[in-house]
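Throughout, a chain's letter reflects where its sequence line sits, starting with A, and its residues are numbered from 1.
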Amino acid sequence: MKDRLPFEAELIARIDWLIRLRWLAVVGTALAIGLGAVSFPGSLAVGPLLGVAGFIGLYNLQFFLYLRTLKVGPAGTVRLRHATLFAYIQIILDLLALAVLIHFAGGVESPIAIFFVFHVIIASILLQRRVSYLVAGLASLLFAAIGGLEYAQIIPHHPLPIVGMEVYRRGLYLAMSTTVLALTLFLVAYLATSITGRLRERDQELLESMQVSRAKSEELQKLNEQLSRVDGERTRFMVLVTHELRAPISTIYSCLELALSGYAAPEKAHEVLARAQNRATEMLGFISDLLSLTRIREQAVQWEQVPLTQLESVLQEVVDLMKVEAERKDVFLGVDVAPDLAPVRALPDQIKLVWTNLLSNAIKYTDPCGIVRVSLSQDAGQLIGTVRDTGIGISPEDMPRVFDEFYRASNARLVSPHGTGVGLSIVRRIVEKWGGKVWVESESGLGSKFTFVLPRADS
Amino acid sequence: MSAKGDILIIDDDPDFCEVVKTALEANNFAVRCANDGLRGLAMMREKKPDLVFLDVIMVSPTEGCYVSDEIDDDPDLRQVPVVMVTSVTDSKYIGLFPTDRPLHVDLFLDKPVPLAKLVELANRFVPPKHVTA
């Protein structure tokens, strides 16, 4: 993306325009000469005048051809230099041509000296502002030279048919004309360069603001995409939650309906009501998991106010709770805690959720006589917690998704048909929130090893 | 008294299976349960049921539809009436169904289905028998 106006391309475009204009000038000059020749036969230096016109036409043709090759060439500083030089040459030749025309059409008394104004303006359009002043100066000098030379009779004077012979010998008149011309030309140079300078600035500003708005619009588009992605995620979340809540409730309803309907014998009705109660308990667990999820996400973190938590003390609490379940299932629960552990910055309730989810999963998915080992250690920068089990493991297809919300591996469903797949996503959210990471290594049928790390709060 | 007919329930929710089984058995039907689509299809091929209650969303959101397709593709099973039961009525979720193919179902119901309705459907779809094994 260019961040400046392509001055080079602009210059070439303007040169192109100037060459076209010059064709018009040639034709106009020729017509004027023709008209003069017809109106005042014999008194106009038609020959030399036409000669100059022809000369202009000739060099314009050269310019035209040269421009063609210039346009085709490669863009770059070399081409810019060539184009600039080309512009200078054109301007100088034009000045000289006009000077000669003036000489043959009346000299100091010739009104066509006014045409120098064009050259000044063209210079400001084509090139920098200094060039414009240079052109103004050069034009004034040329005019003064012609007047002076004719005055000194070094070169002959060619009067205009309508004007008398004496004026060119009036030194005062020469001085006056030259001064007025010079003043006019310099003023025009000033005005023209101001205007074109302003235009250039304006163009540059416009280009810059266009680029800024383009960048902003790209940013906006990205944000939009992000927003609709988040929105889509939220919808998907809602749909999944709705399903996960609706299914157990309709089952509970059917259980109650059966008990009330009389289709079931009393013992059956009792069994069915017990099932309904279990589902209800699970649902309550699910709902509180959901609340945890949202609370974790929404809590703003002010680091200084976050308490220091010792992972091992929270672990001890959770192990005491889990011991009962492990014993009931005849699963061995072993705990290894390294000494002198540093604390972490985290909310202790959330750390408790991490340990609880990891340990309860390990016990749940391990068969009787299996082993669950928990260890906690540290290195220079972080605390490392692992939970290993000899349970059902995780297949390679399920591995990347186990931490996803509501995701349940197929073998997990066999062991526990009603789980909602929220536990591991809670673990991940909490660990990541406090600056850590969690991951799993596992082999289907052999067991899993969950590891999480959290940054030390003493380093 | 011999059973009026043989009904197969394919649903991953064991509690739902138990409830419906009890209700239908109380109305003199023989009931089998399968907890996933593949098992359900195997049981259908083992002994063709007179009616199938099929849950839409089991392990994956499209499992029910997959089973329904398989039933449709099998000339032997195609004649078995299938009632689809689902706990999803959210219209957005419906969009997940491959609705460009017709589902081979005779009826589509929302959970919870009143037990009386289930019994009525069983009576309606199961052909009357004079002698049952």
Side-chain angles (χ1 to χ4, degrees), chain A residues 231-232 234-283 397-398 401 406-419 421, chain B residues 7 9-29 31 33-39 53 55-64 66 85-97 109-123:
Chain A
D231 201 46
R234 186 163 294 169
T235 310
R236 183 186 148 268
F237 188 81
M238 285 310 299
V239 166
L240 285 172
V241 168
T242 314
H243 177 258
E244 294 297 320
L245 289 175
R246 215 193 227 116
I249 286 196
S250 57
T251 302
I252 291 170
Y253 179 89
S254 298
C255 288
L256 296 175
E257 199 194 359
L258 184 68
L260 292 170
S261 67
Y263 284 138
E267 322 85 58
K268 194 70 185 179
H270 183 88
E271 180 204 319
V272 152
L273 287 173
R275 285 174 180 257
Q277 190 178 34
N278 284 340
R279 295 307 285 276
T281 312
E282 279 172 12
M283 274 189 76
E397 308 86 61
D398 291 322
R401 303 187 57 190
F406 304 118
Y407 188 78
R408 302 213 65 222
S410 31
N411 54 354
R413 283 169 183 272
L414 293 172
V415 170
S416 162
H418 300 315
Chain B
I7 299 178
I9 307 173
I10 308 179
D11 193 315
D12 65 339
D13 186 342
D15 297 331
F16 178 76
C17 283
E18 190 60 34
V19 165
V20 176
K21 185 162 187 267
T22 310
L24 290 172
E25 280 173 351
N27 280 275
N28 209 14
F29 287 98
V31 182
C33 282
N35 276 28
D36 65 72
L38 288 174
R39 180 114 187 79
F53 285 111
D55 187 20
V56 175
I57 295 162
M58 293 182 270
V59 177
S60 78
T62 51
E63 180 141 348
Y66 165 74
V85 180
T86 179
S87 55
V88 173
T89 46
D90 189 290
S91 56
K92 269 198 186 124
Y93 223 169
I94 295 285
L96 291 180
F97 292 160
L109 291 174
D110 282 338
K111 279 187 192 172
V113 187
L115 296 174
K117 178 96 181 150
L118 282 173
V119 172
E120 183 232 321
L121 287 173
N123 281 321

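For E257(A) (side chain) and P114(B) (main-chain N/O), no donor-acceptor pair under 3.5 Å exists by modelled atom type.
Side-chain contact annotation: D13(B) with T251(A), donor-acceptor N/O pair under 3.5 Å present.
Closest approach of A264(A) to T22(B), counting heavy atoms only: CB-CG2, 3.8 Å. Between S254(A) and V19(B), the shortest heavy-atom distance links the atoms O-CG1, 3.5 Å.
In the displayed structure, E120(B) atom CD is contacted under 6.0 Å by more than 12 heavy atoms of other residues, nucleotides or ligands. For Y253(A), the OH atom sits in a loose shell: 12 or fewer heavy atoms of surrounding residues, nucleotides or ligands are nearer than 6.0 Å.
Rounded to the nearest 0.5 angstrom, C255(A) SG and F16(B) CZ are separated by 10.0 Å. Here the CD1-CG distance, from I252(A) to D15(B), works out to 9.0 Å after rounding to the nearest 0.5 Å. The CD atom of E271(A) sits 5.0 Å away from the CD atom of E18(B) when rounded to the nearest 0.5 Å.
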### Task
Begin from the C-alpha positions of L24(B) and Y263(A) and carry the test side-chain contact (heavy atoms from CB on, under 4.5 Å) through to its verdict.
CA-CA 8 Å; L24(B) 290 172; Y263(A) 284 138; over 6 Å; no
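For the set V20(B), N27(B), V113(B), the count of heavy-atom pairs under 4.5 angstrom toward chain A peaks at N27(B).
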